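Since the model is a prediction, treat every value here as computed from it, not as a measurement.
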Amino acid sequence: MNCHALERKLVGPALKEVARRYAGHPSAVPLLASKIVQGGAGAWGPVPMAANPHVNPDEARRLAAWILTLK
């Protein structure tokens, strides 16, 4: 929660904005889970998302699924 808030942009986009962007995307959960663990760059502008290697794959999938419910 240092980089994302539910309803407003911090360093990264609001989690609700992420949910809206990926709503209906058939591979949203695995895609977001991968970004949570490995990090990423370019999807939301120039600031890269830091990796979270301490989050295991199952936790990342559960987080991604939860984010997608925030529409």
> Could you pull out all donor-acceptor pairs under 3.5 Å where a side-chain atom in residues 30-50 meets a protein atom, sequence neighbours excluded?
residue : atom : partner : partner atom : Å
Ser34   : OG   : Gln38   : OE1          : 3.4

> Going by salt bridge (charged side-chain N to carboxylate O under 4.0 Å, His left out), name the pairs with one or both residues in residues 40-66, residues two or more places apart or in two chains.
Asp58-Arg61, Asp58-Arg62
> Would you give me the side-chain donor-acceptor pairs under 3.5 Å for residues 5-16, sequence neighbours excluded?
residue : atom : partner : partner atom : Å
Glu7    : OE2  : Lys16   : NZ           : 3.0
Lys9    : NZ   : Val11   : O            : 3.0

> Restricting to non-hydrogen atoms, name the atom on Val55 and the atom on Ala60 that form the minimum distance, rounded to 0.1 Å.
CG1-N, 3.6 Å
